[in-house]
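Comments concern the structure below.
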Amino acid sequence: PLSLTVFMAVATTMLLAPAEAGLYGDRDALMALRRGLQDPDGALRSWSPELGNMNPCINWSHVTCDRVANRVTEIVIGFVNLSGPLSPELGKLGQLTKLWISYTNIQGTIPEELGNLENLNSMHLHNNSLSGQIPASLGKLKSLKQLHLQQNRLTGPIPSELDGLSDQTSVNLSSNDLCGPIPTDGPFKNMNSSLADNPRLGGNC
């Protein structure tokens, strides 16, 4: 009957709409990152909705998706010639579990919005040119198992909020210019964590 057909069409639309909204929100967040970066070698050339590739889960390099939920779950970018800042819009990637952007020339500060990534279990932003302070908001990432920010130009004290991360979290903040008290709680009790090569750490900021 026509009424049943209409009902099924409406129900299908209602089920698909949230998934599509999430996917397109993920796409917009990735495009905000790309727009802020200089990419002379075209490492992110496949991130091109203007060329008709609207779905980041189809043929976008450096991106992995959950094909059932149709959401971006991993970003892995490394050993490429990129410069410019990380976009605060990355904090809107609600299903992201892995953020790995390393061995580039990414600059600027770590956006505090990354503390909104409640499903994130791995953050690797090491071997870049990031500066400024470590956001206290990263202490909200209760699923985090790896926080690797070594080999940057980070300054200031280590936020006390990071003590709230699991004591099983591997934290590497080595080779920066951090200062202030050396934390001893939470993940900093973990022998897998490293604060080496921060000459001012333990002294006044």
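FYI, the numbering just counts along the sequence from 1.
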Sequence-distant partners of Arg200, salt bridge (charged side-chain N to carboxylate O under 4.0 Å, His left out), two or more places apart: Asp177
Scanning both residues in full, the closest heavy-atom pair of Met123 with Leu138 reads CE-CD2, 3.9 Å
Determine all donor-acceptor pairs shorter than 3.5 Å in which one atom belongs to a side chain in residues 156-168; sequence neighbours excluded.
| unit_1 | atom_1 | unit_2 | atom_2 | d |
| --- | --- | --- | --- | --- |
| Ser166 | OG | Gln168 | N | 3.0 |

Does Arg34 have any salt bridge (charged side-chain N to carboxylate O under 4.0 Å, His left out) partners at least two apart in sequence or in another chain, and if so, which? Glu50
Euclidean distance, Leu173 CG relative to Ser193 OG, rounded to 0.5 Å: 8.0 Å
By the disulfide bond (SG atoms under 2.5 Å apart) test, which pairs, at least two apart or in different chains, include something from residues 81-125? none
Can you list every disulfide bond (SG atoms under 2.5 Å apart) pair that touches residues 67-167, not counting sequence neighbours? none
Considering only distance and modelled atom types, tabulate donor-acceptor pairs under 3.5 Å from the side chains of residues 106-114, sequence neighbours left out.
| unit_1 | atom_1 | unit_2 | atom_2 | d |
| --- | --- | --- | --- | --- |
| Gln107 | OE1 | Gly84 | N | 3.3 |
| Gln107 | NE2 | Asn105 | O | 3.4 |

Intermediate values then yes/no, side-chain hydrogen bond (donor to acceptor under 3.5 Å, both in side chains), Thr64 and Thr73: CA-CA 6 Å; Thr64 300; Thr73 57; 5.7 Å; no
I'd like to know if Leu117 and Leu23 are part of one continuous hydrophobic network [Ile/Leu/Val/Met/Phe/Trp/Tyr, side-chain heavy atoms within less than 4.5 Å]. no
Check which hydrophobic residues are tied to Trp100 through side-chain heavy-atom contacts below 4.5 Å, counting indirect links as well, and list them. Val76, Phe79, Tyr103
Asn81 and Thr104, any side-chain heavy atoms less than 4.5 Å apart: no
For Gln146 and Ser122, what are the C-alpha separation, side-chain angles and deciding distance, and is it a side-chain hydrogen bond (donor to acceptor under 3.5 Å, both in side chains)? CA-CA 5 Å; Gln146 297 177 325; Ser122 178; 3.2 Å; yes
Test: disulfide bond (SG atoms under 2.5 Å apart). Region: residues 137-196. Which pairs qualify, not counting sequence neighbours? Cys179-Cys205
Has Asp66 got more than 12 heavy atoms of other residues, nucleotides or ligands less than 6.0 Å from its CG? yes
Just to verify, what does Ser194 make a side-chain hydrogen bond (donor to acceptor under 3.5 Å, both in side chains) with, not counting sequence neighbours? none
When you check the side-chain N and O atoms of Ser102 and Asn127, is any donor under 3.5 Å from an acceptor? no
Quick one: hydrophobic cluster around Val68, which other residues, with the 4.5 Å side-chain cut-off, linked directly or via members? none
Salt bridge (charged side-chain N to carboxylate O under 4.0 Å, His left out) filter on Glu89, not counting sequence neighbours, yields Lys92
Does some side-chain heavy atom of Asp39 sit less than 4.5 Å from a side-chain heavy atom of Leu82? yes
Under the side chain to side chain contact (heavy atoms under 4.5 Å, CB included) test, residues paired with Arg45 that sit two or more places apart: none
If you count heavy atoms of other groups shown closer than 6.0 angstrom to CG of Asn204, is the number above 12? no
